[in-house]
Amino acid sequence: MNGYEKTYETMRRRLADCDFAAVAPQLGLAAPENGVLHIDFLGRRWSVDASGVNQEGGGAAHVNGKTVIVYYLTHGGSGFPRYDFQSLRAFAFGLFDGSRGVTAAERSAITEYAPFVDIAKRLGAEFVRETASGSHTWMLYAFPKVPVLLTFIEDDDEFPAELQLKFDVTATDFLPFETLAVLNGLITAEFSAGWG
């Protein structure tokens, strides 16, 4: 068992004490059915009960996705997004020195807009706007109260294409910073090798 799996196994235990009926409306989720929550997350449907998180319809998904779902359900988040977006770095509060690192605009394997659109739609994102300079922005709801702006910036004579992710300023009300960073990585992975 690797470190990611150990983290999930530890977090999974929190579900036994989670009152799904109480947290569902606070988190924008449908009420549980027979003790089971159904959640759409990154283009996949998940079932969550007191014993754990499972992807519906088979298929393997990265265990970190399961862990992020557990955090969303058990972190104690409440309130609503403000639709004011910032980069992951802005949530770090001094943890990063401003170097590009994990918090910067992410380079991805997707260098053309059409493949980006295909993946964005599969994840459930919706088009928001584009600019004449080749910037295309889509809105993805990672969870009902965790909106994410995905911006694909086309390449030009000076810079290669890149993908920028920005989270609502309330994101850490629903996920701790470290988990938000994992979510950032999962979304970025969808636009590269994928995770399941």
Side-chain angles (χ1 to χ4, degrees), residues 8 20 23-33 36-49 53-75 77 79-88 91 105-106 108-130 135-154 161-175 179-196:
Y8 168 68
F20 294 147
V23 302
Q26 293 176 353
L27 298 175
L29 299 168
E33 302 171 6
V36 179
L37 277 176
H38 299 279
I39 299 174
D40 293 313
F41 176 63
L42 300 185
R44 298 162 177 87
R45 186 88 166 149
W46 304 80
S47 297
V48 186
D49 61 22
V53 180
N54 294 292
Q55 183 176 324
E56 295 183 11
H62 197 291
V63 69
N64 284 350
K66 297 162 90 171
T67 302
V68 171
I69 290 170
V70 175
Y71 269 111
Y72 186 65
L73 295 174
T74 63
H75 185 60
F80 297 92
R82 296 203 317 235
Y83 297 95
D84 179 10
F85 295 90
Q86 59 190 17
S87 69
L88 183 64
F91 294 93
E106 302 284 353
S108 73
I110 303 298
T111 59
E112 300 292 331
Y113 183 55
F116 166 85
V117 169
D118 290 343
I119 295 169
K121 286 181 176 178
R122 178 176 55 76
L123 296 179
E126 295 187 4
F127 176 77
V128 175
R129 67 180 170 272
E130 65 186 7
S135 173
H136 310 269
T137 301
W138 291 62
M139 177 81 73
L140 169 68
Y141 283 86
F143 294 106
K145 294 192 175 182
V146 184
V148 184
L149 281 185
L150 307 174
T151 302
F152 179 83
I153 303 170
E154 296 180 28
E162 65 181 12
L163 172 64
Q164 293 181 348
L165 277 63
K166 291 186 177 180
F167 295 91
D168 188 84
V169 295
T170 64
T172 50
D173 293 346
F174 299 95
L175 296 171
T179 307
L180 191 64
V182 172
L183 175 59
N184 183 84
L186 291 172
I187 295 170
T188 301
E190 293 287 351
F191 292 93
S192 55
W195 54 277

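What you are looking at is a predicted structure, and each value in this text was computed from that prediction instead of being measured.
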> Are any non-hydrogen side-chain atoms of Lys166 and Thr151 less than 4.5 angstrom apart?
Replying inline: no

> Do Ile187 and Leu150 touch side chain to side chain, with heavy atoms closer than 4.5 Å?
Replying inline: yes

> Please walk me through it: do Leu123 and Trp138 pass side-chain contact (heavy atoms from CB on, under 4.5 Å)?
Replying inline: CA-CA 11 Å; Leu123 296 179; Trp138 291 62; over 6 Å; no

> Taking His62 for the side chain and Asn64 for the main chain, is one N or O donor matched with an acceptor at less than 3.5 Å?
Replying inline: yes

> Any idea which heavy atoms bring Pro147 and Tyr141 closest together, and the distance?
Replying inline: CB-CE2, 3.7 Å

>> Just so I know, are the side chains of Thr179 and Tyr72 near enough to count as touching, which here means a heavy-atom distance under 4.5 Å?
In response: no

> How about Tyr8 and Val53: do any of their side-chain heavy atoms sit closer than 4.5 Å?
Replying inline: yes

>> Counting the benzene-type ring for Trp, do His136 and Tyr113 have ring centres under 6.0 Å apart?
In response: yes

> Where do Phe174 and Leu180 land on the side-chain contact (heavy atoms from CB on, under 4.5 Å) test, with the steps shown first?
Replying inline: CA-CA 9 Å; Phe174 299 95; Leu180 191 64; over 6 Å; no

>> If you count every heavy atom of other residues, nucleotides or ligands that lies below 6.0 Å from Lys145 atom NZ, does the total exceed 12?
In response: yes

> Taking the side chain as C-beta and beyond, is there a heavy-atom pair between Leu186 and Glu190 under 4.5 Å?
Replying inline: no

>> Nearest 0.5 angstrom please: Thr188 OG1 to Gln164 CD, how far?
In response: 11.5 Å

> For the residue pair Asp84 and Asp168, what are the closest heavy atoms and their distance?
Replying inline: N-OD1, 3.2 Å

> Should Met139 and Phe85 be marked as a side-chain contact (heavy atoms from CB on, under 4.5 Å) after you check the CA-CA gap, both sets of side-chain angles, and the distance that decides it?
Replying inline: CA-CA 11 Å; Met139 177 81 73; Phe85 295 90; 3.8 Å; yes

> What heavy-atom pair brings Arg44 and Trp46 nearest, and what distance separates the two atoms?
Replying inline: O-CD1, 3.3 Å

> Looking at Tyr71, Phe167, Phe91, which one forms a side-chain contact (heavy atoms from CB on, under 4.5 Å) with Leu175?
Replying inline: Tyr71

>> Within the supplied structure, the quantity of interest is the number of heavy atoms (other residues, nucleotides, ligands) at a distance under 6.0 Å from Tyr83 OH; does it exceed 12?
In response: yes

> What's the shortest heavy-atom distance between Leu149 and Arg129, and which atoms?
Replying inline: CD1-NH2, 4.3 Å

Please set out all donor-acceptor pairs under 3.5 angstrom arising from side-chain atoms of residues 26-33, sequence neighbours excluded.
none

> Nearest heavy-atom pair of Phe20 and Val48: which atoms, and what distance?
Replying inline: CE1-O, 3.8 Å

>> Could you go through Thr67 and Val182, starting from their C-alpha distance and side-chain angles, then the distance that decides it, and tell me whether this counts as side-chain contact (heavy atoms from CB on, under 4.5 Å)?
In response: CA-CA 9 Å; Thr67 302; Val182 172; over 6 Å; no

> Between Asp40 (side chain) and Arg45 (backbone), is there a donor-acceptor pair under 3.5 Å?
Replying inline: no

> So, for Ala142 and Leu183, which heavy atoms are closest and what is the spacing to 0.1 Å?
Replying inline: CB-CD2, 3.8 Å

> Are Phe152 and Phe191 side-chain neighbours, meaning at least one heavy-atom pair lies under 4.5 Å?
Replying inline: no

